[in-house]
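Reading through the structure tokens given below for one structure.
Convention: sequence-line order gives letters A, B, ...; per-chain numbering from 1.
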Protein chains: 2
Amino acid sequence: MSRKANPRESVGMNGLRCDDEGPIWLQIRRAISAMITSGAWTPGMRIPSEIELTRHFGVSRMTTNRAIQSLAREGHLERHRRIGTIVASRAQERPAFEIWDVREIIERSGERYSYQLLEQLIVPEDDPRRDLFNVRRETSLLWLRCLHLSDDIPFQLEERLVNVDAAPEILRMSLDQTPPGPWLVNNVPWSQAEHTISALPAATREADALDLNVGASCLVVERRTWNGEIPVTLVKLWHPGSRYRLKGQFEPVR
Amino acid sequence: MSRKANPRESVGMNGLRCDDEGPIWLQIRRAISAMITSGAWTPGMRIPSEIELTRHFGVSRMTTNRAIQSLAREGHLERHRRIGTIVASRAQERPAFEIWDVREIIERSGERYSYQLLEQLIVPEDDPRRDLFNVRRETSLLWLRCLHLSDDIPFQLEERLVNVDAAPEILRMSLDQTPPGPWLVNNVPWSQAEHTISALPAATREADALDLNVGASCLVVERRTWNGEIPVTLVKLWHPGSRYRLKGQFEPVR
DNA sequence: CTTCGCTAATTGTATAGACAATTGTTTCCT
DNA sequence: AGGAAACAATTGTCTATACAATTAGCGAAG
């Protein structure tokens, strides 16, 4: 216990204290959370094991486990058997704006997420899609269509244009395995974003992919991001409106 | 067991089946989830008690409990002691777009949410703020400023303009208790929304409220919603950029 | 030196049981 | 009848324990 190979920097338990509000597992959760947000425990550090915390707080392991798992499920901690629990690199981030990560939405609902790449091409010089972006003729643009499924039922169709100059590494990604959305958010810097939410009827292309009738109303989120003046990506996300009710008093345009 | 006063309509367990993937508590979770999304169990119905499910699936109560609680925490079920567990009215909704509900964000992080109303007034006829909305001179607009705190530290400043014609009941709300955001989302119909995300320096008004220096950079989300042609609300949400890192490679404009 | 297999540390899941808290229902006393 | 007290049903939390799964590290065998 005293001499350790120290696979990762390990934290101590100084300052780890319960308040006295509510159930003990929430107190423990808050105590750990406080260590992270205060900066005493920084991303990458290994936190005490369940056993140590169990002793520290004088509770049973299930109680510690509940506190830690609830933090882990929300992405503040990462846990690995035999390795232990480390503070996630994004633990101090707040989802002040949640970029719609379909995968997360689906998996939070306990369903199976799957993904299909439908189309991938470099937009030709005279293609009308180029007009959506205000970029020079030489700039190469990548066009993607992919489908996100929940329990093998189409949940979201993604139609995306990417400015390759702003994100050159994207050409090296195998996009038939990895959805482009999360990768872009995490790897390509951007400074400005604009979203438009509306209800639109599905055209043939969308209806086919989503397994709907042509004209069925969909909820469409359109997002554009820039880095300074440079457009980064433009994406249209189609949700079948009939299959999933939507949060809030959203009324399709008649 | 056979004759019941039936305080609420109660569901049977027909069709409630486990698949065989992953841990049993997730299987049970999916089984219940499937009953809801298939429509066999509809909002307001009382689902079988933990004991009954425990017997049905042949597991221990803690296992059932874990499945149900995880659904309840996400808003698919509502639980009350002695009453039982009912399907939440919003259970079939998908958070296809999560309207930023600060309260939810804060409470999910295990912190204490609190709220202050800073300012509330009907915008005078000649006020420049009227220009933000394209409405007739007679239309009365409500101006609100409120602060959302996490563990008593300012987390988000909300500056909002509401079209009273589109949401007349808002004048009857006691907005010093209830934040206007969630109420509007749930009670006022809208068909279109537009968001802009950017990084801006705090002016005196924002710096004061958020306890920052003037000029400190903030992440600002601006949201406008319409119902058809009619503007409903316009809100600017200020987050102190220094205190909370933000998800993704967001770079403040220099 | 490399590889294979063992051991130990750590988390993941499940069980059985206990008691607390909440609140509808019933019963009983006046 | 009305109100108070007891009861019952249901969820909330916690404990103690057990075994499974994962994997780093170590040591033995080749």
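Per the geometry, CZ belonging to A/R55 stands 12 Å off P belonging to C/dA9, to the nearest Å. As rounded to whole Å, 13 Å separates atom P of D/dT22 from atom CD1 of A/I83. Distance, B/L26 CG to C/dG12 C1': 11 Å, rounded to whole Å. A straight line from CG of A/L71 to P of C/dG12 spans 13 Å, rounded to a whole angstrom. Rounded to whole angstrom, the span from the CD1 atom of A/I86 across to the P atom of D/dA24 amounts to 13 Å. Computed from coordinates, the B/W25 CH2 to C/dT13 C1' distance equals 10 Å when rounded to whole Å. Following rounding to the nearest Å, B/R82 (CZ) and C/dA21 (P) show an atom-to-atom distance of 18 Å. One interatomic measurement links the two molecules: CD1 of B/I68 to C1' of D/dT13, which rounds to 15 Å at whole-angstrom precision.
Proximity of B/Q69 to the phosphate of D/dG12: a side-chain N or O atom is located under 4.0 Å from OP1 or OP2. Using a 4.0 Å cut-off, some side-chain N or O of A/R79 falls inside it from OP1 or OP2 of C/dG12. The side chain of B/T85 contributes an N or O atom lying less than 4.0 Å from OP1 or OP2 of D/dT11.
With hydrogens and angles ignored, a donor-acceptor pair under 3.5 angstrom links the side chain of B/R81 to the base of D/dT11.
A donor-acceptor distance shorter than 3.5 angstrom exists from the side chain of B/Q27 to the backbone of B/G22, with no hydrogens or angles considered. Formation of a donor-acceptor pair under 3.5 Å by the B/R46 side chain with backbone atoms of B/I83 is found in this model. Put simply, the side chain of A/R223 never gets that close to the backbone of A/T233: no donor and acceptor are under 3.5 Å apart. Under a 3.5 Å cut-off, the side chain of B/T178 and the backbone N or O of B/L175 do not form any donor-acceptor pair. B/R30 contributes a side-chain N or O that, together with a main-chain N or O of B/E21, makes up a donor-acceptor pair within less than 3.5 Å. Within the 3.5 Å criterion, the main-chain N or O of B/P48 finds no donor-acceptor partner in the side chain of B/H56. The backbone N or O of B/R61 sits nowhere less than 3.5 Å from a side-chain atom of B/N65 that would complete a donor-acceptor pair. Side chain of A/H76 to backbone of A/I32: no donor-acceptor contact under 3.5 angstrom is found.
Near DNA chain D, meaning a heavy atom under 4.0 Å away, the residues from residues 57-66 of chain B are B/R61, B/M62, B/N65.
Across all strands, B/I24 comes closer than 4.0 Å only to sugar-phosphate atoms, never to a base (heavy-atom distances).
Terminal axes of the helix from C/dC1-D/dG30 to C/dT30-D/dA1 (five pairs each, C1' rotation axis) are separated by 10°, to the nearest 10°.
Taking B/Y113 as the reference, B/H148 meet the ring-ring contact (aromatic ring centres under 6.0 Å, His included) condition, with sequence neighbours excluded.
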